Colleague: 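Structure provided below as structure tokens; questions to follow.
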Amino acid sequence: MDLSKLNKEQKTAVEHRKGPLLVLSGAGTGKTRVLTSRFVYIVKNLNVKFNKIIAVTFTNKAANEIKERVNLELQSSIDTPWIGTFHSIFAKFLRKHSNLVKLKSNFTILDIEDQKKLLKQVLDYCKIEKDINEGIYHNEIQNLKDNKILFYENKKISKFSSIERLDDIYSFYQQRLIEINAVDFGDILLHSYTILFNNEDIRNSYQKFIEHILIDEFQDTNLIQYDLIKLILNSNKNLFCVGDDDQSIYAWRGANIENIINFPKEFNSPVVRLTKNYRSNSSILEAAACIISNNKNRLGKDLVSFNKNIPDQKINLNSFYSQEEESLWISDNISKKFQDDNSIGVLVRLTAQMRSIEDKFIKYALPYEIIGGPRFFDRKEIKDILAYLKLANSFKDDLSFERVINLPKRGVGDQSVKLIIDNAREKKLSFFESLELLYNDNNLPGSLMLKTKPFIEIIKKTSDLINKTTLEDIGIFIIEESGYLKMLENEKNKLKQVENESRIDNLKEFVNALSEFENLDDFLEHVGLVNENQKKTHSNSVKLMTLHAAKGLEFDHVYLPGWEEGIFPSSRALEQNSSKSLEEERRLAYVGITRAKFDLNLSYATSRYTYGMNNYSLPSRFLNEISNIEKNSSNTIEDHSEFNLTKKITSDNIQLSPGKKRMLEFLKKNTK
Ligand code: ATP
Ligand code: MG
């Protein structure tokens, strides 16, 4: 095979004969390229059939790359279940052996929403406290599964978690999953593990068949993933792992950085180190090195920029007065650079940061895509609060009624809802009108009168507030009076879950979004527009994602907004005040910076308007750690006053960027 596109160290790794090998090296040094070449090499030079190799990659993109390269080299079209993510590979394994865990081979993989629905049924059945949300149990059960704890291991469960009756819930939930012939994500790995662990014959047959195992992003494997691999590995130990301890960013999901640190000892394995970086220019690498050198718990490595085609360009740092200004500048700046054939990534620390950026992208008519998660207005908590708002705006909105009548839980179960709906059908009323009528006529069972009273009140009060006070106040009123915020806070306190923290941030960000609109119709129209934008397909688009989702990817231009204390490092990491959590944040900063090829734009806002208040913040400590950046002296967008609505819309200044022009036109059309 053609090894000419590899450097000497890369070749050494690719041409490894047998036994374990660890390729340990920094970002952009070609680890994923080496893994792909290794696959091809094993097939072509070691004469191993492609379906006897497992290649676990972090993204489908990398999996497809391997398939394409093998196809090209072999002039064939390969079809193997063994190239993909851990979940995709073991889902196929499980289909083959599903009967051993009482499933049929056509089992369904439930999405998160359906997993939670099922859990909710179980909670109702077990008559669990009203104010606890199924999300808590969901998280905890997934954690148990990632730690290989089965539903009948009561002692381990109670040692692992303090949540009351978790063992009961877990066990009923598992029973229901089997009854409906379904699995959740955790099951895919745990069932596979159980099958391999308990059945020596099956284990032996796979060990005999699978000759090589390749793993990308090895630093982020968790306990069950690693143990699964070890069960399949035969005594030849042909295990080829590539990774970077500096990019371990999933400890909060159970990833164990020790796996990579201990690998050479555990397997008595050689280590190949790659030091030539082909992705980024030297300014970017210097900045990355400055930051990561502050971490103590690392193996340590140097990177040298080796791609002569990449222009050297200094790193930009911009500060802004507010998040809105920051988002505006990013959109404006991107629209000047955006072309059909370049790649642009905007990477945020918190999902809540996406809202104002998405809004500006819409206004600038910039095509964009969110990688690895829903759009802001598609998030569950946002849709829930929107449903309150829509119902208050129109009592006829039955869909919204159904969404929130029992959310947060107020004891209005399916039977009660049916009673309300039946009455609505009979009297030709909307669901809300039906409830109100039943309530006013005292026609509900006693307990339901009590339970529905606050709901009716909040919808009516919100409806009265519309057009009388600001949308922002209305948003805060709903979030607080409905008990929704309290519900999330309860869950957060009970189980220190990252997910809930970001859901609370998102709600606060939703209030910020409301504060930018004068009336509700305009706001709802805007939300519709955001969703409409989603349907359009473009040949190129700006990629917006969290730093966590950016692993393994690269872009010509990278924007890293929100480098402020409390955002990045996150307030959660600061609260924990441990070097461990701060070091993980720093690794995240390293991942972010090293995604850029030549154009890196860091920024921060000195104040953020959150939940009706201006919060002032300090620039991130990570910025002080970078020695090779200077703050731009003129660091706000030139003359942003025209964006303060319509005042200067008449300007047809030819110096405006195309995006700015599009935005002005948009404003002209959409504001009377
Ligand atoms: P990360 O740590 O971010 O996952 P990585 O180590 O996996 O990075 P790759 O994504 O494989 O790095 O490679 C980074 C870039 O360098 C890619 O664009 C790749 O095509 C290019 N590259 C890798 N090796 C070489 C080489 N020997 N010559 C030229 N380009 C290379
Ligand atoms: Mg990679």
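Read the numbers this way: they start at 1 and go in the same order the structure lists the ligands and their atoms. As the structure is a computational prediction, the values presented were derived from the model and not from experiment.
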Colleague: Tell me whether Gly28 has any N or O atom under 3.5 angstrom from an N or O of ligand 1.
Modeller: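 Right, the criterion is met.
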Colleague: Quick check with a 6.0 Å cut-off and a 45 degree axis cone: is Lys96 positioned over the face of Phe93's six-membered ring?
Modeller: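 So Lys96 doesn't make the cation-pi contact.
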Colleague: Would Gly30 count as a polar contact of ligand 1, with the cut-off being nitrogen or oxygen pairs under 3.5 Å?
Modeller: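 For ligand 1, there is an N or O atom that lies under 3.5 Å from one belonging to Gly30.
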Colleague: Please list, in number order, the atoms of ligand 1 under 4.0 Å from a heavy atom of Arg595.
Modeller: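 Reading through ligand 1 atom by atom, the close ones are 3 (O).
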Colleague: Within the 3.5 Å criterion, strictly below it, is a donor on Glu15 or Tyr41 matched to an acceptor on the partner's side chain?
Modeller: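 Judged by distance alone, the side chains do not pair up.
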Colleague: Pick one: which of Gln353, Lys360, Arg608 meets side chain to side chain donor-acceptor pair (under 3.5 Å) with Glu326?
Modeller: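 With Glu326 as partner, side chain to side chain donor-acceptor pair (under 3.5 Å) holds for just one option, Arg608.
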Colleague: Does ligand 1 have any atom that is closer than 4.0 Å to a heavy atom of Lys276?
Modeller: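 Lys276: no contact with ligand 1 (<4.0 Å).
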Colleague: Can you check whether Asp244's main-chain N or O pairs, donor with acceptor, with Gln219's side chain at less than 3.5 Å?
Modeller: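 Looks like yes, one N/O pair under 3.5 Å.
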Colleague: Identify the closest protein heavy atom to atom 18 (O) of ligand 1: which residue and atom is it, and at what distance?
Modeller: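 Ranking protein heavy atoms by distance from atom 18 (O) of ligand 1, first comes Glu554 OE2, 2.6 Å.
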Colleague: Of all the atoms in ligand 1, which lie at a distance below 4.0 Å from a heavy atom belonging to Gly552?
Modeller: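 Numbered from 1, ligand 1 contributes 4 (O).
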Colleague: Please report which non-hydrogen protein atom sits nearest to atom 27 (N) of ligand 1, along with the residue it belongs to and the distance in Å to one decimal place.
Modeller: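 For atom 27 (N) of ligand 1, the nearest protein heavy atom is Gln10 OE1, 2.9 Å.
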Colleague: Do Tyr604 and Ser620 have side-chain heavy atoms sitting under 4.5 Å apart?
Modeller: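 With C-beta onward as the side chain, the pair stays apart.
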Colleague: Is there a donor-acceptor contact under 3.5 Å linking the side chains of Asn297 and Glu583?
Modeller: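 There is no such pair between these side chains.
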Colleague: Would you please determine whether Asp244 falls within less than 4.0 Å of ligand 1 on a heavy-atom basis?
Modeller: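 Asp244: no contact with ligand 1 (<4.0 Å).
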Colleague: Find the distance between NZ (Lys543) and CZ (Arg595) and round it off to the nearest 0.5 Å.
Modeller: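 Result: 15.5 Å between the selected atoms.
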Colleague: Which atoms of ligand 1 sit under 4.0 Å from any heavy atom of Glu217?
Modeller: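 It comes down to these atoms of ligand 1: 4 (O).
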Colleague: For atom 16 (O) of ligand 1, what is the nearest protein heavy atom, given as residue, atom name and distance?
Modeller: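 That would be Tyr278 CB, 3.2 Å.
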Colleague: Flag yes if more than 12 heavy atoms outside Phe197 fall under 6.0 Å of its CZ atom; otherwise flag no.
Modeller: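 Atom CZ in Phe197 is not crowded, with 12 or fewer foreign heavy atoms closer than 6.0 Å.
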Colleague: What protein heavy atom sits nearest atom 10 (O) of ligand 1, and how far off is it?
Modeller: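 Of every protein heavy atom, Arg279 NH2, 3.1 Å lies nearest to atom 10 (O) of ligand 1.
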Colleague: Counting heavy atoms only, which part of Lys551 comes closer than 4.0 Å to ligand 1: side chain, backbone, both or neither?
Modeller: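 For Lys551, there is no contact with ligand 1 at all, from either part.
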Colleague: Give the residue, atom name and distance (to 0.1 Å) of the protein heavy atom nearest atom 11 (O) of ligand 1.
Modeller: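 Residue, atom and distance for the closest contact: Arg33 N, 3.0 Å.
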Colleague: Looking at every heavy atom in both Phe598 and Asn281, which two are closest together, and how far apart are they?
Modeller: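 Minimum heavy-atom separation between Phe598 and Asn281: O-ND2, 3.2 Å.
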Colleague: Specify the protein heavy atom at minimum distance from atom 5 (P) of ligand 1: its residue, its atom name, and the distance to 0.1 Å.
Modeller: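 Looking at atom 5 (P) of ligand 1, the protein heavy atom closest to it is Lys31 N, 3.4 Å.
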